[in-house]
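So the structure is just underneath, and the comments pick up after that.
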Number of protein chains: 2
Amino acid sequence: MKPVFHPDIEDVAPADVFAALADPIRLGILIALAEVSEVDKARCSHFTALASPSLLSYHFAKLREAGITRMRVEGTSRYLSIRRDELNQRFPGLIASVIETARRDPNLPRLGPEWLSGSDEA
Amino acid sequence: MKPVFHPDIEDVAPADVFAALADPIRLGILIALAEVSEVDKARCSHFTALASPSLLSYHFAKLREAGITRMRVEGTSRYLSIRRDELNQRFPGLIASVIETARRDPNLPRLGPEWLSGSDEA
DNA sequence: TTCGAAATTCAATGATCGTTGAAATAAACC
DNA sequence: GGTTTATTTCAACGATCATTGAATTTCGAA
C-alpha cells in the first residue's frame with residue numbers, strides 16, 4: 001500500500017495545471033467533484049459513467065500529479081477531493097473560475113444527479 | 001492575404017482553452033501581451049526572445065485558434081492582442097486569473113522591459 | 001522590378017497523449 | 001484458505017505535440 005504521491009503545491013507549475021485541465025473527461029471529473037466534495041462521497045468507482053476503470057485511473061493520476069486533487073486511500077477504495085485551499089493559496093481565484101468555466105460547457109461528460117446526492121451505504 | 005481565421009467565441013470549448021495554455025512559451029506570450037496590450041505595440045517580431053520565428057508562428061496559431069488572442073494583419077506585420085471582452089463574456093473571470101497565475105511563475109520565459117515599453121519607430 | 005523584412009508553411013524528428021483490454025495488486029469478507 | 005471488489009499497471013496503438021531548419025509567401029520600399 002504505497003501511500004500515493006501528491007506534489008507539494010509549491011512545486012506545481014501553471015502549465016502543468018492547465019495541461020491537466022485540457023481534457024473533457026478530467027473536466028467532467030472536476031465538475032462532479034465540485035458538486036460533492038462536502039460529503040466526501042467521491043469514491044473513484046462513482047465515476048464509472050465517465051470512462052472505464054482503467055481509463056479513470058489514468059485520468060485520476062493526471063489530476064493528482066498536477067496538484068489539483070487529493071486521493072485518500074481507505075481499504076480498497078479511494079476517495080477524491082479538490083485541493084481547494086492549497087490551490088487558492090498558490091493560484092488565488094483560479095480553481096473557482098476554472099470550475100465555473102467547465103460548468104458552463106454543456107458538452108462535457110457529466111454524472112447524473114443519482115451519483116451526486118444518493119446514499120449508497122444506507 | 002487570407003484574412004486569418006478566428007473562431008467565434010461561442011464555439012470555443014474550455015478544454016481547448018486549457019490545452020492552449022498548457023505550454024510555457026505560450027504562457028510567456030500571454031504574460032507579455034497582458035503587459036502591453038494598451039499600446040498595441042505587440043507585433044509578432046517583438047517576441048523573438050521567446051522562440052524562433054517559425055516556432056513562434058506555431059504558438060501564435062495555437063493561441064489564436066483557441067480563441068485567446070486576436071491577430072490583426074497590417075502589411076507584412078501582425079499585431080496580437082488578448083480577446084479580453086469576448087473571453088470575459090464567455091468565461092467570466094477566467095482570463096484574469098489565468099494571467100495572474102502565469103504572472104506568478106518565475107520560471108516562465110519572459111520578455112525584458114525593453115520590449116514592453118520601448119519606442120522602436122522613433 | 002528587384003531587394004529585404006515579416007511571417008507562414010512544410011517535412012521530419014522524437015516525445016507525450018488518450019484509449020483499450022488483459023493482467024496484476026491489494027484489501028475485505030466468507 | 002479462497003473469492004470478490006476496487007483499483008492500478010502494463011503493453012500496445014494511433015494521434016497529436018513541440019521543435020527544427022529550410023523553403024515559401026507577402027508586402028513595402030528603393
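Residue numbers start from 1 in every chain, and the chains themselves are labelled A, B, ... in the order their sequence lines are given, proteins ahead of strands.
The nearest pair of heavy atoms linking A/D105 to B/A13 is OD2-CB, 4.1 Å. Residues B/M71 and B/L80 approach most closely at CE-CD2, 3.7 Å, considering heavy atoms. Among all heavy-atom pairs drawn from A/A32 and A/F47, the shortest one is CB-CE2, 3.7 Å. Of all non-hydrogen atoms in A/A15 and B/D23, the two that sit nearest each other are CB-N, 4.2 Å.
Across all strands shown, B/S45 has heavy atoms under 4.0 Å from sugar-phosphate atoms exclusively, and none from any base.
In the set D/dA6, D/dA18, C/dA6, the nucleotide with an atom closest to the side chain of A/R43 is D/dA6. For B/K62, the listed nucleotide lying nearest its side chain is D/dC17; candidates were D/dT7, C/dA6, D/dC17. Nearest to the side chain of B/L55, among C/dA6, D/dT7, D/dT20, sits D/dT20. Of the candidates D/dC17, C/dG18, D/dT8, D/dC17 carries the atom nearest the B/Y58 side chain, counting heavy atoms from C-beta on.
Across the protein-nucleic acid pair, A/M71 atom CE and D/dA6 atom P stand 14 Å apart, rounded to whole Å. Counting to the nearest Å, the P atom of D/dT7 and the CG atom of A/L56 are 9 Å from each other. Per the geometry, CZ belonging to B/F47 stands 10 Å off P belonging to C/dA7, to the nearest Å. Atom pair B/R78:CZ and D/dC27:P shows a separation of 8 Å (rounding to whole Å applied). Counting to the nearest Å, the P atom of D/dT7 and the CG atom of A/L63 are 15 Å from each other. The distance between atom CZ of A/F60 and atom P of C/dC17, rounded to the nearest whole Å, is 18 Å. When the P atom of C/dT8 is taken as reference, atom OH of B/Y79 falls 13 Å away, rounded to whole Å.
For the atom pair CG (B/D16) and CD1 (B/I68), the distance works out to 9.5 Å, reported to the nearest 0.5 Å. With rounding to the nearest 0.5 angstrom, the NE2 atom of B/H6 is 6.5 Å from the CZ atom of B/R83.
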Can you tabulate the close N/O pairs, meaning under 3.5 Å, that link protein atoms to atoms of nucleotides 10-15 of chain D?
none

Can you give me the N/O atom pairs linking the protein to nucleotides 28-30 of chain C at distances under 3.5 Å, or say none if there are none?
none

Under 3.5 Å donor-acceptor pairs involving side-chain atoms of residues 88-103 of chain A, not counting sequence neighbours:
unit_1 : atom_1 : unit_2 : atom_2 : d
A/N88  : ND2    : A/R84  : O      : 3.4
A/Q89  : NE2    : A/E10  : OE2    : 3.1
A/R90  : NH1    : A/I9   : O      : 3.4
A/R90  : NH1    : A/E10  : O      : 3.4
A/R90  : NH1    : A/V12  : O      : 2.2
A/S97  : OG     : A/G93  : O      : 3.4
A/S97  : OG     : A/L94  : O      : 3.1
A/S97  : OG     : B/S97  : OG     : 2.8
A/E100 : OE1    : A/R104 : NE     : 3.2
A/E100 : OE1    : A/R104 : NH2    : 3.3
A/T101 : OG1    : A/S97  : O      : 2.8
A/R103 : NH1    : A/E35  : OE2    : 3.1
A/R103 : NH2    : A/E35  : OE2    : 3.2

Show me the donor-acceptor pairs, under 3.5 Å and distance only, between side chains in residues 55-65 of chain B and residues at least two apart or in other chains.
unit_1 : atom_1 : unit_2 : atom_2 : d
B/H59  : ND1    : B/R26  : NH1    : 3.1
B/R64  : NH1    : B/F5   : O      : 2.8

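Here B/S54 pairs with B/S52 under the side-chain contact (heavy atoms from CB on, under 4.5 Å) rule; sequence neighbours left out.
Annotation: side chain of B/S77 is not in contact with side chain of B/S45 (no heavy-atom distance under 4.5 Å).
Heavy atoms from other residues, nucleotides or ligands lying under 6.0 Å from CG of A/D8 number more than 12. Surrounding CG of A/D11 are more than 12 heavy atoms belonging to other residues, nucleotides or ligands, all under 6.0 Å away.
Near DNA chain C, meaning a heavy atom under 4.0 Å from it, residues 13-25 of chain A has A/D23, A/I25 in order of number.
Listed pair A/H59 / C/dC17 fails the phosphate criterion, with no side-chain N or O lying under 4.0 Å from OP1 or OP2.
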